[in-house]
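These notes concern the structure reproduced below.
These numbers come from the heavy atoms of this one structure, side chains and all, not from hydrogens, waters or symmetry mates. Start at 1 and go down the list; that is how both ligands and their atoms are numbered.
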Amino acid sequence: MTTQQPVALVTGASSGIGKEVALRLVDAGYQVVGTSRDASKLTGSDGLTFVDLDVSSDASVAAAVEHVLGQFGRLDVLVNNAGIGSAGAAEELTVAQDQKVIDVNVLGVVRMMKAVLPHMRARGRGRIVNVSSIAGLVPQPHMATYVASKHALEGYSESVDHEVREHGVRVVLVEPGPTSTSFDGAMVRPAVLLPAYAQQRQTFAEVMADSIKDGDDPVTVAKVIVAAVMDTKPKLRYPAGVTAGRVSVLRRFAPARVFDKQIRKINRLAG
Ligand code: NDP
């Protein structure tokens, strides 16, 4: 049986931005399936149900998408929101830790897109919103692996968008700036700290604390994601929040040397 209501799948809907997106999509008239690695701890409501999903597992991704299609017979929207951060100097993280971040933030999205695209393409319609970050546009010392993952997501999304557009499917990016969620607490962090980076680490912690303190409300970001879901003329990129708007303009228009200097100044690095 196919439901008459449009159906949206939101990954990482247990907290932060994803939770707010799920609630707002219900308000916008969608039947929403939110995900968590432990959906049993969550309570649904009218128009909102939850399913288990670990985006780093092929089997889990296949099962979650099959569940949605089995239950509702259609999938109109996928919001790839699940993600984890990384903190620490590049040298301090192990390759296994780097792989974990890439596996969730990049390959997690890749798995989800491969799972839903055959269905969307067959229906000749669909919208995929990938939650990137301003870290997908600019460097951030002491978050190199996270930055790499979001830069990869930017390139992947924009490329696939060109492949699927003629099949009625669009892939768009939302780029939040610092947002007040529990993201900071779920970051991959080094087990062994190198004294050579002690000063930078201290500064980075302060810069991060300031930016999270002044960060956007997840509701602000969620509203931009819902706009990206519903736009009749979708844009490739949607910066979300005050900082994101400024940074994306700076990235586009500032000369390389000015931009480089600004990054060092913000991160209180010498020279
Ligand atoms: P939260 O930590 O609040 O939410 C992250 C979500 O991802 C959780 O619901 C978690 O669900 C889910 N998740 C984590 N690992 C996995 C996994 N392996 N499989 C499936 N789900 C997983 O952070 P935010 O709301 O802030 O982050 C949401 C997105 O926004 C991320 O992609 C992040 O990169 C991006 N972003 C965040 C910014 C910020 O400053 N907060 C800034 C820019 C972008 P559960 O634990 O229940 O499985």
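- Sorted by first and then second residue, the side-chain hydrogen bond (donor to acceptor under 3.5 Å, both in side chains) pairs involving residues 247-260 (not counting sequence neighbours) form an empty list.
- The 4.0 Å heavy-atom shell around ligand 1 contains residues Gly12, Ala13, Ser14, Ser15, Gly16, Ile17, Ser36, Arg37, Lys41, Leu53, Asp54, Val55, Asn81, Ala82, Gly83, Ile84, Val104, Val131, Ser132, Ser133, Tyr146, Lys150, Pro176, Gly177, Pro178, Thr179, Thr181, Ser182, Phe183, ordered by chain and number.
- Taking the charged nitrogens against the carboxylate oxygens, Asp161 and Arg170 do have a contact shorter than 4.0 Å, which makes a salt bridge.
- A salt bridge links Asp76 to Arg74: at least one charged side-chain nitrogen sits closer than 4.0 Å to a carboxylate oxygen.
- Salt bridge annotation for Glu20-Arg24: present, with a cationic side-chain nitrogen under 4.0 angstrom from a carboxylate oxygen.
- Salt-bridge annotation for Glu92 and Arg189: absent, with no side-chain N of the basic residue lying under 4.0 Å from a carboxylate O of the acidic one.
- A donor-acceptor distance shorter than 3.5 angstrom exists from the side chain of Asp54 to the backbone of Ser56, with no hydrogens or angles considered.
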